[in-house]
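Here the structure comes first, spelled out in structure tokens, and everything after it is commentary.
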Amino acid sequence: MKRSLLLLAALSSLSVAAYGFDAAATWGEQCAKCHGKEGVGDTKMGKKLSIKDYTDAKVQASFTDEEAFKALKEGTKDKNGKVRMKAVEGMSDADITAMVKYFRTLKK
Ligand code: HEC
């Protein structure tokens with residue numbers, strides 16, 4: 001009895017780790033409207049905000065994972081304090097780390 005409960009607990013935590021957060025789906029739902037599905041930034045919002053082409057290796061090399069993490073966690077502002085990218089909502093630090101990892105895969 002005890003052992004099967006333990007197994008159940010182990011299995012359910014495994015499934016949370018594997019399926020609890022889907023970075024690719026989140027990208028499509030929350031990020032692509034600005035960055036574009038591929039990360040090129042050629043959307044209406046992307047053009048308005050002059051978002052860089054994140055498929056470009058040089059652009060990807062211009063910031064660290066830590067900076068990307070911070071940009072997502074806290075959002076980014078222009079020099080006048082106007083929000084450019086909003087801070088993410090309802091994501092754990094692990095989720096944000098997964099998003100940064102996904103973001104890196106946009107590089108061509
Ligand atoms: C409202 C439009 C918008 C949305 C939605 C958006 N972004 Fe951004 N993102 C930007 C802009 C604009 C920049 C450029 C940063 C700046 O110039 O302030 C940026 C930059 C970034 C960067 C680079 C940060 C750095 O350090 O240079 C990452 C990583 C990023 N976005 C990931 C995401 C992810 C992941 C999502 C979805 C959860 C997302 N963005 C949703 C507008 C957006």
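All values below were derived from every heavy atom in this structure, side-chain atoms included, with hydrogens, water molecules and symmetry-related copies excluded. Each ligand, and each atom within it, is numbered from 1 in the order the structure gives.
Residue-level proximity to ligand 1 for H35 is carried by the side chain, the only part with a heavy atom below 4.0 angstrom.
Residue contact annotation: L72 has a non-hydrogen atom under 4.0 Å from ligand 1. Assignment of Y102 to the shell around ligand 1 is not supported, since no heavy atom sits closer than 4.0 Å.
Atom 37 (C) of ligand 1 has as its closest protein heavy atom C31 SG, 1.8 Å. The closest protein non-hydrogen atom to atom 14 (C) of ligand 1 is Y54 OH, 3.7 Å. Remark: minimum distance from atom 15 (C) of ligand 1 to any protein heavy atom is reached at T76 OG1, 3.8 Å. Atom 25 (C) of ligand 1 has F63 CG, 3.8 Å as its closest protein atom, hydrogens excluded (heavy atom only). Protein heavy atom in closest approach to atom 28 (C) of ligand 1: F103 CZ, 3.4 Å. Distance from atom 24 (C) of ligand 1 to its nearest protein heavy atom, with residue and atom name: A71 CB, 3.7 Å.
With respect to D65 and K101, no salt bridge is recorded, no charged nitrogen being found less than 4.0 Å from a carboxylate O.
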Next on the checklist: With salt bridge (Lys or Arg N to Asp or Glu O under 4.0 Å) as the criterion, how do K107 and D56 come out once you've worked through the C-alpha distance, each side chain's angles and the decisive distance to 0.1 Å?
Outcome noted: CA-CA 6 Å; K107 188 174 102 170; D56 185 335; over 6 Å; no
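Side-chain N or O atoms of T76 include none that pairs as donor or acceptor with a backbone N or O of A71 at under 3.5 Å.
Between the OG atom in S92 and the NZ atom in K73 there is a gap of 8.5 Å [rounded to 0.5 Å].
On a distance-only criterion, K77 and ligand 1 share no N/O pair closer than 3.5 Å. Below 3.5 Å of separation, one finds no N or O of T26 facing any N or O of ligand 1.
The shortest distance between side-chain heavy atoms of I51 and H35 falls below 4.5 Å. The shortest distance between side-chain heavy atoms of K82 and K77 does not fall below 4.5 Å. Within the 4.5 Å cutoff, the side chain of M91 has heavy atoms near those of the T26 side chain.
Hydrophobic clustering (ILVMFWY, side-chain heavy atoms < 4.5 Å, transitive): M99 and F69 are in one cluster. Note on M85: it does not cluster hydrophobically with V40, by side-chain heavy-atom contacts below 4.5 Å among ILVMFWY residues.
The aromatic rings of F63 and Y54 lie perpendicular to each other, with more than 60° between the two planes, well past the 30° mark.
Of the options R84, E67, K48, Q30, the smallest heavy-atom separation from atom 12 (C) of ligand 1 is shown by R84. With atom 1 (C) of ligand 1 as the reference point, the heavy atom nearest to it among C34, A68, S50, G39 is part of C34.
Near I51, the atoms of ligand 1 lying under 4.0 angstrom from a non-hydrogen atom of the residue are 10 (C), 11 (C), 12 (C), 42 (C).
For atom 8 (Fe) of ligand 1, the set of nearby N, O or S atoms under 2.8 Å includes one belonging to M85.
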